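Have a look at the structure below, then the notes.
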Amino acid sequence: MTTPNMIHLKDYRPPAFLVDFVDLVFELKETDTRVKSTLTLRRNPAAAPGDAATRPPLVLDGRDMALVSVLMDGRPLATEDFQVDERSLTLPDPPDALTLEITTRIQPQENRSLEGLYRSDGMFCTQCEAEGFRKITYFPDRPDVMAAYTVTLIADRSKYPVLLSNGNRVDAGELSDGRHWVKWEDPFKKPCYLFALVAGDLFCLKDTFRTKSGRDVRLRIYVEHENRDKCDYAMQALKKAMAWDEKTFGLEYDLDDYMIVAVNDFNMGAMENKGLNIFNSKFVLARQDTATDTDFWNIDRVIAHEYFHNWTGNRVTLRNWFQLSLKEGLTVFRDQEFTADITSRPVKRISDVRTLRSFQFPEDAGPMAHPVRPSAYIKMDNFYTVTVYEKGAEVIRMIHRILGPEDFRKGMDLYFERHDGQAVTIEDFVGAMADASGRDLGQFMLWYAQAGTPVVTAARAYDPVRKTYTLTFSQFCPPTPDAAEKAPMHIPVAVGLIAPDGGDFPLQLSGEKTPGPTTRVLELRKADESFTFVNVPAPPVPSILRGFSAPVKLRAGCSDAEVRFRFAHDSDPFNRWDAGQTLFAKVILERAAEIRAGRPPVMDDALVAAFRQTLLDETEDRAFIAHAVTLPGEPELATLMSESDLIDPDAVHQARRFVIQTLAQTLRDDFETVFERNRDTGPYRVDPVSVGRRSLKNAALAYLGGLETPEAIQRLFSEFEAADNMTDTMAALTILSHIPCDERIQAIDRFYERWRHDVLVLDKWFSIQAAAQLSDTPATVRKLLDHPAFSIRNPNKVRALVGVFCSLNPWCFHSPTGEGYALLADQVAALDGFNPMIAARMAGMFNHWKKYEPVRRNLMKAQLERIKALPNLSGNVYEIVSKALA
Ligand code: ARG
Ligand code: ZN
């Protein structure tokens, strides 16, 4: 293959032409679809004008379609007046203002990439972000071209009674041949990536929301008829999100209709198309018996996320795709705050940091490391990453921390005041924050430009005579493929000092007249920097990076006793949890070292005591305790091991199991107590208290099940049978799935028989088996690929089976036989022919091959080379594997 082109941020130029109006007419048919697009274009006054000889041509993007005709200002274009190739339609010398009427023919029924216009089950739907619109019609497919749209959909009335597009439904009618049509008009200018259409036979759940200014918005959720009883929770989620955005940011919805459509075949989570969100059905459909607590909260999160995009993404959009985090980082921050407000703030923070450390830190230390604002890409789709989304949200959170909530809100207001209706850059956002607060955020911009996770080291010194306490910080950002040298960053570090009695000292920095609050944000700006606290009566235990105030790795050099003390006493729940995780990780990695050295592992008694104290703490939120007694997972432990050694997945797995079983044996009665105390008493509910109780009860059950005794197995089986909700069903089944026994096989079969008609629940059935920590799991996954309920064309199925196996079951995926690697490479090869976006996601699971011990490293490298040599490899997969091998 020829090496695909890199697109660079530094090459950005404003568009040569703007589009003011777009009128689209779709004739949707099973055999082919005709698209007539009428564009009103004019030269962009802000673009480089050029003289007669150098005036830029008009280039429209387009691929995978047949051009039927082009008319300019009502007349057919002569063949010498335009050129068409695989990628574009060009008018070399157009007038300064013109209308183009372009008719094309496309084949949505053949489109398996799930990008552009495609079919999912019986319906038509679209996904245009990032560059899917160019598969629908010829257009300047870039986010800084914003236009007003009218859209007419024509289709068979009986098969497609529902015809939807963005904005307001303005007209409709019947045709004599059994077809009908509906016309939509979107009054807000938008980039084409926010265009959407849906046609199908769908059930519609209706509701209304009255905005704070008193307008009634019609809310509509469209699903397949069989799912009509699974959309109530999503509707409530939408109303909660709308009310929250009004209250928190003063942001109101702007159209009269808000529509959500659930589709089964979707590459990502969901899409914020103006007024017409299209969702992966897993983030809409839920009922107590089909969805877990986590699924319910994910629905809240994703519905809110897409709704919030209406302001952060749609009203103010992106100048170019390099700015992606401008909408995604900010919108993730907003959905995190929403979830924190409706559930539990500390627990939300803990689970977000778990994700960050398990997936973003490794990305930032691997071949795909990139800044929150990448500077170059081959395929933009490869940059919808945990770095752009989750680290991007951390960067916004730091601004929020530095400015404080009031100035942050002023900054948001100023951002909308200045940029509503525009396509802007990250500088515009940070500029609004700086101007509204008077703070200098110049150095802070490095967070957007430098990749890699900074390491912050803290040293302390107590002066018993002067009663002062000095913290000395140094920061270092490791080299990444894009840059070897990094400049010091602006890092907010929230600090508390814990007194010997477990309470917090009030904090007074030297130079201050009076003590301030017990948590202070220190702002690091230099490579090395000291802060001295005065009037510290006794040597404290420092609690640094409270609330995880910056996405960094902290090296505080605390003793085990100090960490245990913080695990018992830190008033900051995040740091209390983190202290526990530090202890567990250390203990597990020490056991791993013993196992590798051929010594029998021995347990640390002090840790067991600290664990027990937390487990039985009745004063804390149950969900918090559940997190506090859950050990770091194998992916996170592998990352930690890679910081000092090559990863040995066997040793990690055995050591973690040893620690779990030792805790279970030693604290068996306590786990029994916690299990019984937290059983549900009333009917199933998804409120934070009930969810917290269930999560602690099921955490206790996991330890008890880990004993793997016949009684334990019996108890898991009966819990599985008795459960009246999917959370408890899945908890029991997951624990059972790791134990080789007949009950396991029976439970898996019963689950299948009960849910064989429900594609979303079957995803869980595949995942359970893919995540099972059993030596024959690689062979089981191979077999399941041929199961009639599996389809490689459905991304949810691929993620549930292949994705879960490779990313959540490292011990089995990294089997030294190499069968897991061969399986993954085979799936990448099979996927790449029709869905390169998903193929590239899967290929990325080889990214960390260099961090593994030599046997596995060489096996992974061989598979990467095999993929790279495939004929007709997509640019998507090429970008991933060529970086991995570099
Ligand atoms: N903007 C969508 C979101 O809410 C994601 C779209 C992803 N599309 C893609 N081609 N990668 O996060
Ligand atoms: Zn988003």
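In this text the structure is predicted, and so the values were computed from the model without any measurement. Order of appearance sets the numbers: ligands from 1, and atoms from 1 within every ligand.
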Go through the structure and list residues passing ring pair (Phe, Tyr, Trp, His ring centres under 6.0 Å) with F408, not counting sequence neighbours.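 With sequence neighbours excluded, F408 shows a ring pair (Phe, Tyr, Trp, His ring centres under 6.0 Å) to F333, H400, given in chain and number order.
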Tabulated below should be the N or O atoms of ligand 1 paired with protein N or O atoms at under 3.5 Å; can you produce that?
from     : atom 1 : to   : atom 2 : distance (Å)
ligand 1 : 1 (N)  : E129 : OE1    : 2.5
ligand 1 : 1 (N)  : E272 : OE1    : 2.7
ligand 1 : 1 (N)  : E272 : OE2    : 3.4
ligand 1 : 1 (N)  : K327 : NZ     : 3.3
ligand 1 : 1 (N)  : E328 : OE2    : 3.0
ligand 1 : 4 (O)  : E272 : OE1    : 3.3
ligand 1 : 4 (O)  : H305 : NE2    : 3.3
ligand 1 : 4 (O)  : E306 : OE1    : 2.9
ligand 1 : 4 (O)  : E306 : OE2    : 2.9
ligand 1 : 4 (O)  : H309 : NE2    : 3.4
ligand 1 : 8 (N)  : E129 : O      : 3.4
ligand 1 : 10 (N) : E129 : O      : 2.9
ligand 1 : 10 (N) : D381 : OD1    : 3.1
ligand 1 : 12 (O) : E328 : OE1    : 3.3
ligand 1 : 12 (O) : E328 : OE2    : 3.4
ligand 1 : 12 (O) : Y389 : OH     : 2.6

Worked verdict on F383 versus W321 for ring pair (Phe, Tyr, Trp, His ring centres under 6.0 Å): CA-CA 9 Å; F383 287 82; W321 289 116; over 10 Å; no
If you look only at distance, which donor and acceptor atoms sit under 3.5 Å apart when one is on a side chain in residues 365-372 and the other is two or more places apart or in another chain?
from : atom 1 : to   : atom 2 : distance (Å)
H370 : ND1    : M368 : O      : 2.7
H370 : NE2    : T385 : OG1    : 2.9

Count the heavy atoms belonging to other residues, nucleotides or ligands that lie under 6.0 Å from CG of N5, then report whether that count exceeds 12. no
Checking only N/O/S atoms, does E272 have one that is under 2.8 Å from the Zn ion (ligand 2)?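 Short answer: no, not a single N, O or S atom is under the cut-off.
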Value rounded to 0.5 Å, distance of CG in N168 from CD in E185: 7.0 Å
Quiz question: by atom type and distance under 3.5 Å, do the side chains of N310 and K274 form a donor-acceptor pair?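 The criterion, which ignores hydrogens and geometry beyond distance, is satisfied for K274 and N310.
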Side-chain donor-acceptor pairs of residues 373-381 under 3.5 Å, sequence neighbours excluded:
from : atom 1 : to   : atom 2 : distance (Å)
R373 : NH1    : Q323 : OE1    : 2.9
R373 : NH1    : E427 : OE1    : 2.9
R373 : NH2    : E427 : OE2    : 2.7

Report, rounded to 10°, the angle at the Zn ion (ligand 2) between the two atoms NE2 (H309) and OE1 (E328). 100°
